[in-house]
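Here is the naming used below: chain letters follow the sequence lines, and residue numbers restart at 1 for every chain.
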Amino acid sequence: MARPSAPRGLPDVVPPASEHLEEAEALARSLFDRYGYRRIEPPVMEYTEVFQRAAGDSSEVVLDKQMYTFTDRSDRSLTLRPEGTAGVVRAFIENDLGKKLPQPVRLFTIGPMFRYERPQKGRDRQFEQIDVECIGSASPVIDAEQLVLASEFFERLGLEVQLNLNSMGDLADREKYWPVLREALSDKIEDMCDDCHVRLEKNPLRVFDCKVPECRKILRAGDIPPISEFLGEESRAHYEALQEMLETLGIAWKDAPHLVRGFDYYTRTVFEFDIPSLGGRPTVCAGGRYDGLVEQLGGAPTPAIGFAIGVTPTLIAMEEKEAAKPWQPELFVVWTEGVASVALATATDLRRAGLRVAMSDEAKSFRSQLRSAERLGARTVVIVGADEVARRVAKIKDMMSGDEREVALDGLVKELRTR
RNA sequence: GUGGCUGUAGCUCAGCUUGGUUAGAGCGCCUGACUGUGGCUCAGGAGGUCGGGGGUUCAAGUCCCCUCAGCCACCCCA
């Protein structure tokens, strides 16, 4: 290797993508603030045990392969976080946030996550996620609040999303459902793929995620009852209350009776937001209620719900829609030989006044500088040439109309700021 | 992790089958025509470790091996 390259799957985020990232994350911060979600920043790595305990034994074999796990110098096993929830919940417990903060506790974190997977477009080994959690309430009001919050996020980015919604019931509901599912599939299992045989043994609900056409056909045939028909009284009431609130809020959703999660800790509400135009992997946000996780990680039994926004696919969708704009100056300062200091001082004054200002680094020809202004998309050009400086004025040129007018240098900032 | 496709200029690609003088195009970029005024046009220019390493050969972008990276499907999607 003649030149060093970034490790496989670890992306450089460069402009304009980095600006899209900033736009999305800045929006998230301001939006979450209005909903009362407060920032928490757990470390990017945890003792491996944290993630293992969170995952339970539902799919440990596969997960271990996809985690960035290593041994530190003190021979402890650490893992770069593959997702946000486990670390947030661990921090919630460790910092006694269940006692220190008003309940329920609303938290969000934004940052990189790591999964050792084969990279593809929109699937890197390091990727940004926006993680939102509300810990300490079992009320469907919180479920609805989170769905509104996620909806508003995408709406404000100008992205059209589809919400897929389901309820998986609680653990007791699922234990009743498993034998029903196994029974319903018993005479069809022979036609299903090897993976589904394993799934039916270890994690039966995951058969609904199978992509093999044969399996899909069988599962969609209609004689397989979905889990939503096996919800207990409380789970059913919870789900109905949520749906009623969504209707009142005008949030559209699609019933997804086969939508499931791979982890044991998920209970009741599960959801995904898709952007169909993304094709193969359309999901930009996924989440659900996890009433069992806090206890599973050693805390007091505490209900909770959360979701994660995949920033990478969101950025791809923004770029496809051209919903994101690259950096663009409002003003471009044109100058000539000998007045560099005045030109730079003028640009600096305008920048201090809050304007986005670009300026050539050399006293190039007017033609060249105006061409730059045009290409950068500046709407207004400020001309500070030797002639103007001698008379203590600047020319202001409107790039749309081509009109020019002169303004005293002293009053320039005031003039342009109030436009 | 499995299977497959692709790496040539900033971008999109041609050239590879049938090895042979200075490796091309379009777009973009820079400069000039217009010596202080953008978009259009015209002219000129810069820019290339042909992903990297090794091999075969008088000669490799072209053939062979290895390797790295990207992409697609699977897997997985906490």
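With both ends at atom C1', the span from B:G7 to B:C13 equals 12 Å, rounded to whole Å.
Under 4.0 angstrom from either OP1 or OP2 of B:C30 there lies no side-chain N or O belonging to A:Ser368. Side-chain N/O atoms of A:Gln120 include none lying less than 4.0 angstrom from OP1 or OP2 on B:C71.
The side chain to side chain contact (heavy atoms under 4.5 Å, CB included) search around A:Pro313 returns A:Leu278, A:Val284, not counting sequence neighbours. Every side chain to side chain contact (heavy atoms under 4.5 Å, CB included) that A:Glu117 has, sequence neighbours left out, goes to A:Gln66, A:Arg115, A:Arg123.
Within 3.5 Å, a donor on the side chain of A:Arg123 pairs with an acceptor on the base of B:C75, or the reverse. Checked by distance alone, A:Arg261 brings no side-chain donor or acceptor within 3.5 Å of a matching partner on the base of B:A78. For A:Glu388 and B:G36, a side-chain-to-base donor-acceptor distance below 3.5 Å is present, hydrogens and geometry of angles not being considered. You won't find any donor-acceptor pair under 3.5 Å spanning the side chain of A:Gln369 and the base of B:U37, going by distance alone.
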Just list the side-chain donor-acceptor pairs under 3.5 Å for residues 293-306 of chain A, sequence neighbours left out, or say none.
from	atom 1	to	atom 2	distance (Å)
A:Gln296	NE2	A:Arg53	O	2.7
A:Gln296	NE2	A:Ala54	O	3.1
A:Thr302	OG1	A:Ala300	O	2.6

In a table with atom names and distances, give each donor-acceptor pair under 3.5 Å that connects a side chain of residues 355-363 of chain A to protein atoms at least two apart or in another chain.
from	atom 1	to	atom 2	distance (Å)
A:Arg356	NE	A:Gln328	O	2.8
A:Ser360	OG	A:Glu362	N	3.2
A:Ser360	OG	A:Glu362	O	2.7

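Within the structure, salt bridge (charged side-chain N to carboxylate O under 4.0 Å, His left out) pairs that include any residue of residues 282-294 of chain A comprise A:Asp143-A:Arg289, A:Arg289-A:Asp291 (at least two apart or interchain). Each ring-ring contact (aromatic ring centres under 6.0 Å, His included) pair with one or both residues in residues 111-144 of chain A, not counting sequence neighbours, appears once here: A:Tyr68-A:Tyr116. Residue pairs satisfying the side-chain hydrogen bond (donor to acceptor under 3.5 Å, both in side chains) criterion with at least one member in residues 82-97 of chain A, sequence neighbours excluded, are listed as follows: A:Glu46-A:Arg90, A:Glu83-A:Thr85, A:Thr85-A:Glu133, A:Arg90-A:Glu94.
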Please tabulate, one pair per line, each protein N/O and nucleotide N/O from nucleotides 3-5 of chain B that are separated by under 3.5 Å, including the distance.
from	atom 1	to	atom 2	distance (Å)
B:G3	O6	A:Arg118	NH2	3.2

Please produce a list of atom pairs where a protein N or O lies less than 3.5 Å from an N or O of nucleotides 27-29 of chain B.
from	atom 1	to	atom 2	distance (Å)
B:C29	OP1	A:Arg375	NE	3.1

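If you take OG1 on A:Thr69 and CG on A:Leu80, they are separated by 8.0 Å, rounding to the nearest 0.5 Å.
Within the 4.0 angstrom heavy-atom criterion, only backbone atoms of the sugar-phosphate kind lie near A:Gly9; the bases stay farther away.
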